[in-house]
Amino acid sequence: MQDQLTGIEAQAVAELRAMTDVRSLEEWRVAYLGRSGRLTQVLRGLGSLPIEERRTVGAQANEVKRRLEALLEEKEAALRQTELARELEQGRIDVTLPGRPVPLGRLHPITQVVREICGTFQQLGFQVVEGPEVELDYYNFEALNIPPEHPAREMWDTFWIDTGEGERNVLLRTHTSPMQIRVMEQTRPPVRVVVPGRCYRYEATDATHESIFYQIEGLAVDRAMTMADLKGVLAEFARRMFGQNRRVRFRCDYFPFVEPGVEVSIDCFGCNGMGCNICRDAGWIEIMGAGMVHPKVLERVNYDPVEYTGFAFGMGPERVAMLRYGIDDIRLFYANDIRFLRQF
Ligand code: DAH
């Protein structure tokens, strides 16, 4: 029986040594150490031996069992180690390879300029609000002191919307000024808002005119506001936007909803006023229209024009972008040409 044990052990060890994968270890374990494995069978046979022999053979058998179990454990650890090494080798990635670049999107140049202008006014205490692009005649014209049939309407060629009622009442807003009225209807002074948004005009397009474009409106109303507030705020805006040394020029202009009305210009940032192709040798660049809110406009929204005064302004971000980036045709902004847009 002892020989039998030695034989079993030798054979088991040899088989185990030859094994190359973890899965076959289990078969080996069942064959030798399992419930009806060869070693277990020997141990079962012990009972039929005389007591003396039973002791020695029993001890030997347990020794063999212990050694085989230890070997199995060792072998399993070794195999797992090689398998892991192989997997690591096969699935190896070179973490030093440069990554594949993810193409970055960008904002449309007009969006960038709109955000910059609004951001500058936010720093000056203005709030940003938006309004409807489909407007009523009342807000776009009438409440802004532009009555029906008034010749001032010719300043805005209008897309009318056919409501089926035969009346001209609904339109695509021709400017952002109607939001002056909507904001004042909803709040009491002090008011400080800027209103970015799309506007529409029924006109032939050329290098400086589009039928769809943006405007940014501004409105500030409070007690004792004067032309000095208008000049101070707009000059500060111009310097923050176009350079700390900018000079600002105010000249009379006419808009029905302000009195007095002005056009606001800055000295050209291309030539500091000497004359160049940006300013067409004028030395000055017009950047917006503005004025003191007309008393009739204030009355319309039940603001007492004796107690409250204010100023308003309106500007075109396309124009700002064209001047700044030297773009000579406004139509490029909306042609959706990726070669153009990629440059910003
Ligand atoms: N809404 C005017 C336009 O479309 C621009 C404008 C001028 C707005 C003077 C104003 C202003 O608020 O005070 O041409």
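Whatever order the structure lists ligands and atoms in, that order sets their numbers, starting from 1.
- The shell of residues lying under 4.0 angstrom from ligand 1, judged by heavy atoms, includes Gln180.
- Under 4.0 angstrom from ligand 1, the non-hydrogen atoms of Phe313 all belong to its backbone.
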Checklist line | Residue pair Tyr32, Gln11: steps toward the side chain to side chain contact (heavy atoms under 4.5 Å, CB included) verdict | finding: CA-CA 10 Å; Tyr32 290 98; Gln11 200 186 344; 3.7 Å; yes
Item checked: Pair Glu263-Arg249, salt bridge (charged side-chain N to carboxylate O under 4.0 Å, His left out): steps then yes or no -> CA-CA 8 Å; Glu263 66 160 53; Arg249 183 182 74 178; 3.7 Å; yes
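- At a cut-off of 3.5 Å, with distance as the only test, a side-chain donor of Asn272 or Arg246 sits close to an acceptor on the other residue.
- For a threshold of 3.5 Å applied to N or O pairs, the pair formed by His175 and ligand 1 contains at least one separation below that value.
- By the 6.0 Å and 45° rule, Arg182 stacks over the aromatic ring of Tyr139.
- In this structure, the protein non-hydrogen atom closest to atom 12 (O) of ligand 1 is Glu217 OE2, 2.6 Å.
- Here the protein heavy atom with the shortest distance to atom 11 (C) of ligand 1 is Phe257 CE1, 3.5 Å.
- For the atom pair CZ of Arg168 and CG of Asp137, the computed distance is 10.0 Å after rounding to the nearest 0.5 Å.
- Annotation: atom 5 (C) of ligand 1 to nearest protein heavy atom, Gly314 CA, 4.2 Å.
- Aromatic ring centres of Phe237 and Phe126: separated by at least 6.0 Å.
- Within ligand 1, counting atoms from 1 as listed, the ones closer than 4.0 Å to a heavy atom of Arg201 are 3 (C), 4 (O), 14 (O).
- Atom numbering of ligand 1 starts at 1 in the shown order; those under 4.0 Å from a heavy atom of Gln215 are 3 (C), 4 (O).
- Within the listing of ligand 1, atoms 3 (C), 4 (O), 14 (O) sit less than 4.0 angstrom from a heavy atom of Trp156.
- Using a 4.0 Å cut-off to heavy atoms of Ser177, the atoms of ligand 1 that qualify are 1 (N), 8 (C).
- For Thr40 (side chain) and Ser36 (main-chain N/O), no donor-acceptor pair under 3.5 Å exists by modelled atom type.
- In summary, the aromatic rings of Phe159 and Tyr200 are positioned with their centroids too far apart to meet the 6.0 Å limit.
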Item checked: Derivation and outcome, salt bridge (charged side-chain N to carboxylate O under 4.0 Å, His left out), residues Glu15 and Lys75 -> CA-CA 11 Å; Glu15 275 179 29; Lys75 181 76 182 183; over 6 Å; no
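- Here is the list of ligand 1 atoms found below 4.0 Å of a heavy atom in Gly291: 13 (O).
- Of all the atoms in ligand 1, the ones that sit under 4.0 Å from a non-hydrogen atom of Phe255 are 7 (C), 9 (C).
- Nearest protein neighbour of atom 13 (O) of ligand 1, counting heavy atoms only, is Ala312 O, 3.2 Å.
- Distances below 4.0 Å separate heavy atoms of Val258 from the following atoms of ligand 1: 13 (O).
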Notebook entry, point to check: Could you go step by step and tell me if Phe121 and Phe313 meet the ring pair (Phe, Tyr, Trp, His ring centres under 6.0 Å) rule?
Noted result: CA-CA 12 Å; Phe121 279 107; Phe313 52 91; 4.8 Å; yes
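- The closest approach between a heavy atom of Met315 and any atom of ligand 1 is not below 4.0 Å.
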